[in-house]
There are 2 protein chains.
Amino acid sequence: MSVHRDIRASNQDCGDCPIRHRAVCARCEEDELIQLEQIKYYRSYQAGQTVIWSGDKMDFVASVVTGIATLTQTMEDGRRQMVGLLLPSDFVGRPGRSAAAYDVTATTDLVMCCFRRKPFEELMASTPHIAQRLLEMTLDELDAAREWMLLLGRKTAREKIASLLAIIARRDASLKEPRANAGAITFDLPLTREEMADYLGLTLETVSRQMSALKRDGIITLDGKRQVTIPVLDALMEETGDDSDGGFLV
Amino acid sequence: MSVHRDIRASNQDCGDCPIRHRAVCARCEEDELIQLEQIKYYRSYQAGQTVIWSGDKMDFVASVVTGIATLTQTMEDGRRQMVGLLLPSDFVGRPGRSAAAYDVTATTDLVMCCFRRKPFEELMASTPHIAQRLLEMTLDELDAAREWMLLLGRKTAREKIASLLAIIARRDASLKEPRANAGAITFDLPLTREEMADYLGLTLETVSRQMSALKRDGIITLDGKRQVTIPVLDALMEETGDDSDGGFLV
DNA sequence: GATCTGCCTTGATGCAGATCAATAGAAGAA
DNA sequence: TTCTTCTATTGATCTGCATCAAGGCAGATC
């Protein structure tokens, strides 16, 4: 029984491996996998815990296995802006840099798969496709960041909220049942109103008001404070301000 | 006489080569250089010309040789947000994607060094350090995008303008005279008021008003509409809202 | 010269979202 | 139970920037 098969079986979707997972698994080569296995270890954090503060020494790179983490920047006077949302399989840390550039916080309970930085860098230098895979992932992050720049710079509060809900809804829908776009989508918000505000460049009061407004208008349904139902996804999409047929980049 | 030396001599700073330039030139290997030389060609654009529209087929990747280009996103109703500023040596295009994700526009007269996409991707697959170099560049872009997210989401109009001027001033200062931080810095704005507004998530009127305000307060001096002088860089930095000692990431 | 056009400035006014403030529910602790 | 704490909602008011509008200036064209 090969080590490779072993590992594939134990980590479905290779969720803890930043280099080969999902569609890329086919590229796996046994000996590289063993090397990655040798330098990896897991860390767990509780919801609300800070993984690392901006500027602190960061002697590892990591990928999210389960849970959600956030990247935020803080100004001297306390103004905060979230600049990234890390979902399972997303990568944190930068090869070649030993200090964290952002505050990394566990929003939910979080498990990360860490690689000590030095050996990871050495492995990357000797293993071409690690850099190639990281490049792909980084380009995706860059696209997401730029989409968020449009949101932050030009969208109204209502459009911002709708966009965030749409992103979470679509992600949840694709995870749960790839072919169920017809019916209503229900999910738990993984963010507090304040975290949503930090992500959207708003205040928590405005977030709350716009959530209420979307509820009043029948775009969403709230069950408690966190559980959201989208009766008709297209109706929500109408509110985001995005092109109706956007996102066909090949 | 090696081809390598030839090319280094003719393109100072390797400004037209996205993979090895500046400090990375040391990595150059002659045969790869020849291969890159074989698939590259130049394109020129006049100020104001559109290089490519979002969604259009883009059969090349490229790097800026001289001039400035911008990446912008436009919403259906015409709201525009600039999401990237491409300076000499910056890279455009995405390996593995054949459609442009943004409008690319020449802000000044522009020369780009282009590589047909297919051969470039093949070269990248067979030449590890191309992906590694592109990864570094993309990570830098991602950091810049995230810094801009903080600006768009949380900074005031005055802070936004000051931040933009500071970025341009520091870049110009470092290009012209690396060790002349003491005196005043003078440069020509490469952007119109409207382009500044698109970059900063403001209207052109607000940009104009804030420029006037900074002039009134002695932070900047205007000579004509475009030539800007920063008498005391630290005074401008004070207005950006950034940490006074920011940016020491190693 | 006159006129046009692109770019910029400045003023008057309006409004979206921030700010300040009060209240409420839910979960946990004493 | 009651108190505390955390999170969320909602109202009243304020303000920074957008919007609408009217020139101004410099370079191009005739």
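We use all heavy atoms of the structure for the numbers below, so side chains are in, but hydrogens, waters and symmetry mates are not. Lettering follows sequence order; numbering is per chain, from 1.
Remark on DNA chain D: of its neighbouring residues A/Ser212 and A/Arg154, the 5'-side contact belongs to A/Ser212, judged by nearest-heavy-atom nucleotide. Heavy-atom distances to DNA chain D give each of A/Thr206 and B/Ala157 a nearest nucleotide, and the one nearer the 5′ end belongs to A/Thr206.
Ion pairing of A/Asp198 with A/Arg193 is absent here, as no side-chain N (NZ or NE/NH1/NH2) approaches a carboxylate O to less than 4.0 Å. Between A/Glu159 and B/Arg79 there is a salt bridge, since a side-chain N of the basic residue sits under 4.0 Å from a carboxylate O of the acidic one.
One interatomic measurement links the two molecules: CD of B/Glu194 to P of D/dA18, which rounds to 13 Å at whole-angstrom precision. Here D/dG16 presents its C1' atom at 13 Å from CZ of A/Arg79, a figure rounded to the nearest Å. Spacing between atom CD of A/Glu205 and atom P of D/dG11 amounts to 14 Å, rounded to whole angstrom units. We find that NZ of B/Lys160 is positioned 12 Å from C1' of D/dA18, with the value rounded to whole Å. Between A/Asp198 atom CG and D/dT7 atom P there is a gap of 13 Å when expressed in whole angstrom units. In this structure, CG of A/Leu189 is placed 12 Å from C1' of D/dA8, rounded to the nearest angstrom. For the pair B/Asp77 CG and D/dA18 P, the interatomic distance rounds to 15 Å; values are reported in whole Å. What separates CG of B/Leu200 from P of D/dC17 is a distance of 12 Å, to the nearest Å.
Scanning both residues, B/Asp140 and A/Arg94, for their nearest heavy atoms gives OD1-NH2, 2.8 Å.
Residue B/Thr192 is in sugar-phosphate contact alone, with no base atom involved, counting any heavy-atom pair closer than 4.0 Å across all strands shown. Counting non-hydrogen atoms under 4.0 angstrom, B/Leu204 reaches a base of the nucleic acid. Nucleic acid contact for B/Gly201: sugar-phosphate only, since backbone atoms but no base atoms lie under 4.0 Å from a heavy atom of the residue. Nucleic acid contact class of A/Thr203 (heavy atoms, under 4.0 Å, all strands): base.
Of the nucleotides present, D/dA22 is the one that pairs with C/dT9 by Watson-Crick or G-U wobble criteria, both distances under 3.5 Å.
Distance check: A/Asp90 CG to A/Ile68 CD1 gives 10.0 Å after rounding to the nearest 0.5 Å. Rounded to the nearest 0.5 angstrom, A/Thr70 OG1 and A/Leu85 CG are separated by 7.5 Å.
Scored by the side-chain hydrogen bond (donor to acceptor under 3.5 Å, both in side chains) test, A/Glu147 finds no partners at all (sequence neighbours excluded). Here A/Ser44 pairs with nothing under the side-chain hydrogen bond (donor to acceptor under 3.5 Å, both in side chains) rule; sequence neighbours left out.
Partner B/Met112 forms a side chain to side chain contact (heavy atoms under 4.5 Å, CB included) with one of B/Thr66, B/Val51, B/Val65, B/Leu86 and no other, that one being B/Val51.
Near-neighbour residues of DNA chain D inside residues 218-227 of chain A, defined by a heavy atom below 4.0 Å, number-ordered: A/Lys225, A/Arg226.
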Give the table of side-chain donor-acceptor pairs shorter than 3.5 Å for residues 224-240 of chain A, with sequence neighbours excluded, one pair per line with atom names and distance.
| from | atom 1 | to | atom 2 | distance (Å) |
| --- | --- | --- | --- | --- |
| A/Arg226 | NH1 | A/Leu189 | O | 3.0 |
| A/Thr229 | OG1 | A/Thr186 | OG1 | 3.0 |
| A/Glu239 | OE1 | A/Arg158 | NE | 2.8 |
| A/Thr240 | OG1 | A/Met237 | O | 2.7 |
| A/Thr240 | OG1 | A/Asp242 | N | 3.2 |

What side-chain donor-acceptor pairs closer than 3.5 Å can you find for residues 201-211 of chain A, not counting sequence neighbours?
| from | atom 1 | to | atom 2 | distance (Å) |
| --- | --- | --- | --- | --- |
| A/Thr203 | OG1 | A/Thr206 | N | 3.4 |
| A/Thr203 | OG1 | A/Thr206 | OG1 | 3.1 |

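One donor-acceptor pair, N or O on each side, does fall under 3.5 Å between the base of D/dT19 and the side chain of B/Arg209.
In summary, contact between chain B and DNA chain C, defined as any nucleotide atom under 4.0 Å from a heavy atom of the protein, begins and ends at C/dC8 to C/dA12 in the 5' to 3' direction.
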